[in-house]
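Notes follow once the structure below has been shown.
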Amino acid sequence: MRIQGRPELDALTLDGPGSSRSLVRPTLALLSYYVLTDPSAPADDRAVLAAAAVEMLHLGALYHDDVVDHAHERRGRPSANAVWGDHLAILAGDCVMLTGLNMLAQLGQREVIEGTMANERMCAGMVMEAADLHTASRSEQAYFDAIDGKTAQLFALACRLGAMQAHKAGGRQDGREEALAGFGWQFGHAYQLRDDILDLTSTVEELGKPVNTDLSEGVYTLPVIRAASRDRDLARLLGKELTQEEAARARDLVLASGAVQEAQAVADAHMTTAADQLADLADRPRALDGLAAYARAMLDRPTASPPAAIPQQVKQAPQAQGSAHAQQVTQWMKNWFVETGIAATPAEADHHRLTGTLWIVEQVLPRVADTAGNADGCDAGLSERRQASAALGTVFGVWDDMFEDPQLTDPQAITALREGLVATLRQDPAAPSHGAISTAWAQLWPRLCKGRTVRWQEALLDNIEEWLHACEREACHRISGYIPSTADWLPLRRSTGGFEIGLACSEVLLDREVPPAVRSHHMVRRLEDLGFFALFAENDLVGLDQDEADQVPYNLVRAIRHETGCSRAEAIERVERQVAEKRAQFTTVFKYLPVLFRTLPGLSGQGNRYAAIYDMLKLFLDVRQAKSERYRPQTAAGGPDLERLRREVSRPGVPERSAR
């Protein structure tokens, strides 16, 4: 199932080599077919199509299931929603499921009716389970009703479809068909019970996927329901979202209660009943033995599936810990701060708010040494591009500090600062205005423009101006005491995060521009969003103490506390979980990025060159994970005089170049 005419979207619905899916349902369809035919003869094409159709119905449901469960892995490989996001994953699930129904339509009307009925019941079972999430009073009957729909019905359909194709030549044999469907239905119950038990009893290594997820997600399975009915300590834990520690405690209580053994006995009883369903088919001993042996094998304790092969990443430079080139850049930057007047003295240039940024430069530059040359592979101009890239990022760190300064408390002064900086952006570099900021920008702008297209130059100026408006809004929010909702945090944080400016730094350093077709692609936008969230939520954690003291409004921990009323520790734990989740998703999408760049049309075989720009983003995240550049231990020296810089640049009443 592919999206016609869009080869870069093939990976959305294509497993590719290394898939570790167990194919239980199509195997049941074929084995059921063989029970009623000659097992020594190859299966009819109709039987193969029926087996494929039931697997497609199952796969379509898995796309949806992973979105609902926020699952980021499926049998040792990234889920579609982890790579592509929830929206496209749901649509892909619809496409796959409809493809399965189309296959059934090729077989006949009765196959379509049976398939749609089973699908309807499967969806109803999933709805029941979702409606009972975190319901401490969930009953055993509610549990069985849910697994009847979400698992057993599709097992029964697989066996029924296989039997139906065997009967096409010799007429319907309703009794035998029902017997096989009944076997599948009972086996489906046992299979789901076994899966629920393994979630509680296995390790990640044994199962090949995260364990104890049902308790964490509020899905109370039969062992949990029975254990909670006898253990008040466990019952008190249920009915709410659990921390990792609480989920582990709940699991221990379930295991100690004996409820797992009881659930296993229920699964065994279902398999006994499944075997009884086949009593009328005793004239087919060889095929029946194969069917029964397969069912037993599927209920044995699994071993971990090997992770599927993942496309090779773009080659990165060796992870050097430092280089003379990087140190030369940082020394040049410190001298430049003093020469332009941003720092009045060398001591001010050593302040942690500046040297912290330069520390990041020293860590990142050596790692891109092999990819930062010109298109023809030579290093001409690389030293200048390193300086210009580092200067662009650091200058905007200073501008950001000017807005975030707690001493800035007058809204009119904030507006004047923004207007003055906009005027600085649009000034003639040959006749700069007075002051350190204007001098520095007049020197920097021609270096940034060297080799860049007019489109790139205009886009950068527009992006900077948008960013300045966002900084003005944030500063006014700080003064008013406004704290955004958690839903608004991300767009507001992104508006002030300077992501576009950071991307421009990478483009300057690597001497290439990201084509619009790349920036607008869904997977690229998703990679940027994931990286942005992880980067700035993590920064909120590192700088929380200072943000609280300065009343910084766009801190996710503060937003969560304001919205939910939870404790500081609880909010921190929640943000830490979100950061870990977003980082894991970012890594997953990043691994698939080279495949995208090889298939995107219009890149003329230069996909790796553009992918290298996003290598920079990955490196930046890796470095920031170890240490943040914005909050390092305080130095004895005072930093740049922000009030002096603001006085030099602020221009009240200066008309803006463009309406905003």
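Because only heavy atoms are used, hydrogens play no part in the values below, and waters and symmetry mates are left out as well, while side chains stay in.
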Worksheet item: Honestly, is Arg494 close enough over Phe499, meaning NZ or CZ under 6.0 Å from the six-membered ring centre and within 45° of the axis?
Response: yes
Item to complete: Check whether any side-chain heavy atom of His134 lies under 4.5 Å from a side-chain heavy atom of Lys240, and answer yes or no.
Response: no
Do the side chains of [X] and [Y] get close enough for a salt bridge, i.e. N-O under 4.0 angstrom?
X	Y	value
Arg526	Asp529	no
Arg46	Glu111	yes
Arg121	Asp148	no
Arg577	Glu573	yes
Arg561	Glu570	no
Arg226	Glu262	yes

Short question: side chain of [X], backbone of [Y] - any donor-acceptor pair under 3.5 Å?
X	Y	value
Asn212	Ala247	yes
Asp214	Val219	no
Asp132	Thr135	no
Ser495	Ala470	no
Trp467	Thr496	yes

Worksheet item: Under 6.0 Å between the ring centres of Tyr191 and His270?
Response: no
Looking only at heavy atoms, which two atoms of [X] and [Y] are closest? And how far apart?
X	Y	value
Leu180	Ala163	CD1-CB, 3.8 Å
Thr486	Ile560	CG2-CG1, 3.7 Å
Pro26	Glu55	CD-OE1, 3.1 Å
Arg558	Leu544	CG-CD1, 4.3 Å
Pro484	Ala559	O-CB, 3.4 Å
Arg160	Ala181	NH2-CB, 3.4 Å

Testing the 3.5 Å rule here: is there a donor-acceptor pair between the side chains of [X] and [Y]?
X	Y	value
His64	Asp94	yes
Tyr143	Asp196	yes
Trp489	Asn555	no
Thr213	Asp199	yes

Discussion item. If the test is side-chain contact (heavy atoms from CB on, under 4.5 Å), which one of Val83, Leu530, Leu527 qualifies with Phe590?
Written reply: Leu527
Practice prompt. Let me see the working for Arg236 and Asp233 under salt bridge (Lys or Arg N to Asp or Glu O under 4.0 Å), right down to the final yes or no.
Written response: CA-CA 5 Å; Arg236 281 193 290 266; Asp233 289 339; 2.4 Å; yes
Worksheet, complete the sentence: Distance col, row Met103:CE vs Leu57:CG, nearest 0.5 angstrom, shows 9.5 Å
Response to the item:
With sequence neighbours left out, the residues meeting side-chain hydrogen bond (donor to acceptor under 3.5 Å, both in side chains) with Tyr33 are none
Worksheet item: Going through the checks in order, is the side-chain contact (heavy atoms from CB on, under 4.5 Å) test met by Lys582 and Phe532?
Response: CA-CA 9 Å; Lys582 299 297 185 184; Phe532 180 88; over 6 Å; no
